[in-house]
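Input: a single structure, listed below in structure tokens.
Small disclaimer: the values here were computed from a predicted structure and weren't measured.
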Amino acid sequence: MSTLIEAHPTVDPINYDDILNIVNHVRSQVTLTEEPKIGIICGSGLGDLAELLTERQVIPFTNIPGFPPTNVIGHKGNLVFGNLMGKFIVCLQGRFHPYEHNMNLALCAMPVRMMKEFGVRTLIISNAAGGVNSAFKWGDLMLIKDQLFLPGLAGFSPLVGINDPRMGPRFVSMHDAYDLSLRQLAHTVAHEQGIVLHQGIYVMSGGPQYESPAEVCMFKTVGADALGMSTCHEVTVARQCGIRVLGFSLITNIANQEADTAVEVSHEEVLVAAKEASERACKFVSGIVEKL
Ligand SMILES: O=P(O)(O)O[C@H]1O[C@H](CO)[C@@H](O)[C@H]1O
């Protein structure tokens, strides 16, 4: 299967030189007086994080060659440079979900490879997710301790295909996918801010359908605490190129576990919950950035 991008047939997301060309194109549209050492990826409904930046330089995804459209409501589709808590950072206001792009995971994770080229060393990544752990309530935050990357296990890894060593190693160790010292820092910030912060395992499924109650029970059996359709492909690429990661989920709904009492899950509900928790999540991220 070709990895070329439909809208930009000359851009191949696993071609390192193509990624450098896109990065240079972005550089020509902004003024970068220093490297952004911190990157942020905003999950569904969490795009307000990017609005916190001052001295913002905003590039719509539509101005970036090789970037496909973002079709999911709640993902604005901007690459934003600016300052947060005195640090110069780059923020992805919206992300690419594999279910939108024919399971082209390398394409969906390409912005992380670009972040690396801009100078990012630490990635803060967020998502909206369904809660599986019975201790979780609507609107809670869950720090991601580890992941179950279902598409990756099934052969849909962003690392599949020819590996240019400039991207990082062929075989990537995922033993420390979510950095322990960053997690400790996040707990400190949550404590200071009086925020309930759970910790757990995030499962990425292919989506876009939400899980049936039987599927939720299966995931619970294998250790899942929260379910979503993103993040793991981005984290896998981040680890390949040596970026350390802090990830958190906003629990926007409680996943059904019993068919007889199950209720409908909707993206509208996910967005309402994310909006409601957005201010708290923004303060949490700001507190972490301040201490980095
Ligand atoms: O992971 P983010 O981008 O927050 O989006 C989540 O919300 C959507 C479903 O409501 C899915 O795309 C799921 O992954």
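The main-chain N or O of T252 is found under 3.5 Å from a side-chain atom of W138 such that the two form a donor-acceptor pair. Within the 3.5 Å criterion, the main-chain N or O of Q209 finds no donor-acceptor partner in the side chain of Y99. Side-chain atoms of Q93 do not come within 3.5 Å of backbone N or O of V80 as any donor-acceptor pair. Judged by distance alone, with hydrogens and angles left aside, the side-chain atoms of N15 form a donor-acceptor pair with the main-chain N or O of D18 at under 3.5 Å. Judged purely by atom type and a 3.5 angstrom limit, T236 uses its side chain to pair as donor or acceptor with the backbone of C232. S157 places a side-chain N or O within donor-acceptor distance of the main-chain N or O of L159, the cut-off being under 3.5 Å. For the pair R244 (side chain) and A177 (backbone), a donor-acceptor distance under 3.5 Å is absent. Checking side-chain atoms of D140 against main-chain N and O of K137 turns up a donor-acceptor pair under 3.5 Å. Using a distance-only test at 3.5 Å, with no hydrogens or angles considered, no donor-acceptor pair links the side chain of R183 to the main chain of G247. Judged by distance alone, the side chain of R121 and the main-chain N or O of G242 form no donor-acceptor pair under 3.5 Å.
Taking the side chain as every heavy atom from C-beta outward, Y202 and K145 never approach each other to under 4.5 Å. Between N78 and I59 there is no side-chain heavy-atom pair separated by less than 4.5 Å. For the pair F96/P111, a side-chain contact is recorded, criterion being any heavy-atom separation below 4.5 Å from C-beta on. Between R27 and H25 there is no side-chain heavy-atom pair separated by less than 4.5 Å. In this structure, the side chains of N253 and Y210 stay at 4.5 Å or more apart for every pair of heavy atoms. Residues P68 and H101 are in side-chain contact: their nearest non-hydrogen atoms beyond the backbone lie under 4.5 Å apart. The closest side-chain heavy-atom distance from L32 to F118 is below 4.5 Å. The shortest distance between side-chain heavy atoms of P98 and H233 falls below 4.5 Å.
Atom NZ of K87 is surrounded by more than 12 heavy atoms from other residues, nucleotides or ligands within 6.0 Å. Around atom CD1 of I162, no more than 12 heavy atoms belonging to other residues, nucleotides or ligands sit under 6.0 Å away. Around the CD1 atom of I73, the shell of radius 6.0 Å holds no more than 12 heavy atoms that belong to other residues, nucleotides or ligands. Around the CD atom of E264, the shell of radius 6.0 Å holds no more than 12 heavy atoms that belong to other residues, nucleotides or ligands.
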Check your understanding: What's the verdict on side-chain contact (heavy atoms from CB on, under 4.5 Å) for F149 and V203, showing C-alpha distance, side-chain angles and the deciding distance?
Key -> CA-CA 6 Å; F149 181 16; V203 173; over 6 Å; no
Point to revise | Derivation of the side-chain contact (heavy atoms from CB on, under 4.5 Å) call for L92 and C42 | key: CA-CA 6 Å; L92 210 60; C42 305; over 6 Å; no
Practice item. May I have the step-by-step check of side-chain contact (heavy atoms from CB on, under 4.5 Å) for L84 and T54, ending in yes or no? Key: CA-CA 7 Å; L84 181 64; T54 57; over 6 Å; no
Check your understanding: Could you walk me through whether M110 and I19 pass the side-chain contact (heavy atoms from CB on, under 4.5 Å) check?
Key -> CA-CA 8 Å; M110 191 169 67; I19 290 172; 4.1 Å; yes
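Residues V26 and L123 share a single hydrophobic cluster, defined by chaining ILVMFWY side chains whose heavy atoms lie under 4.5 Å apart. Hydrophobic clustering of Ile, Leu, Val, Met, Phe, Trp and Tyr side chains at less than 4.5 Å, counting indirect connections, unites V289 with L143. Under a hydrophobic clustering in which Ile, Leu, Val, Met, Phe, Trp and Tyr are joined whenever their side-chain heavy atoms come within less than 4.5 Å, directly or via other members, V120 and F67 fall into the same cluster. Criterion: ILVMFWY side-chain heavy atoms under 4.5 Å apart, direct or through other members. Under it, L46 and V58 are part of a common hydrophobic cluster. I125 and L250 end up in different hydrophobic clusters when Ile, Leu, Val, Met, Phe, Trp and Tyr side chains are linked at under 4.5 Å.
Distance check, rounded to the nearest 0.5 Å: OG of S286 to NZ of K283 gives 9.5 Å. From L150, atom CG reaches atom CG of L148 across 6.5 Å, with rounding to the nearest 0.5 Å. Rounding to the nearest 0.5 angstrom, the gap separating the CG atom in L292 from the CD1 atom in I89 is 10.0 Å. Between atom OG of residue S230 and atom NE2 of residue H97 there is a gap of 5.0 Å, rounded to the nearest 0.5 Å. Within the model, atoms OG of S126 and CG of L49 stand 5.5 Å from one another, a figure rounded to the nearest 0.5 Å. Atom CG of residue N24 and atom CG of residue L20 lie 6.5 Å apart, to the nearest 0.5 angstrom.
The two residues L182 and L246 come nearest to each other via the heavy atoms O-CD1, 3.4 Å. Minimum heavy-atom separation, I41 to M115: CG1-CE, 4.1 Å. The two residues G66 and L107 come nearest to each other via the heavy atoms O-CD1, 3.7 Å. Considering every non-hydrogen atom in both L53 and G82, the closest pair reads CD2-N, 3.6 Å. Counting all heavy atoms, side chain and backbone alike, I251 lies closest to I254 at CG2-CD1, 4.1 Å. Of all the heavy atoms in P158 and A109, the pair that sits closest is CB-CB, 4.2 Å.
A donor atom on one side chain and an acceptor atom on the other are not found under 3.5 Å apart for H187 and Q184. Side chains of Q193 and R280: no donor on one and acceptor on the other come within 3.5 Å.
Residues satisfying the side chain to side chain contact (heavy atoms under 4.5 Å, CB included) criterion with E211, sequence neighbours excluded, are S205, E215, V216, F219, L227. By the side chain to side chain contact (heavy atoms under 4.5 Å, CB included) test, T261 is found to be paired with E258, residues two or more places apart in sequence or in another chain being considered.
Partner of N127 under the side chain to side chain contact (heavy atoms under 4.5 Å, CB included) criterion, out of M204, M142, M229, R95: R95 alone. Tested against R239, the residues E234, M174, H175 include a single side chain to side chain contact (heavy atoms under 4.5 Å, CB included) partner, M174.
Note on E117 versus R166: no salt bridge recorded, every NZ/NE/NH1/NH2 to OD/OE distance being 4.0 Å or above. Taking a cutoff of 4.0 Å between a charged side-chain nitrogen and a carboxylate oxygen, K220 and D225 do not qualify as a salt bridge. The existence of a salt bridge linking K76 and E51 is confirmed by a sub-4.0 Å separation between a basic side-chain nitrogen and an acidic carboxylate oxygen.
For F136 and H198, the ring centers are positioned less than 6.0 Å apart.
Taking the six-membered ring for Trp and thresholds of 30 and 60 degrees, F284 and F248 have ring planes more than 60 degrees apart, a perpendicular arrangement.
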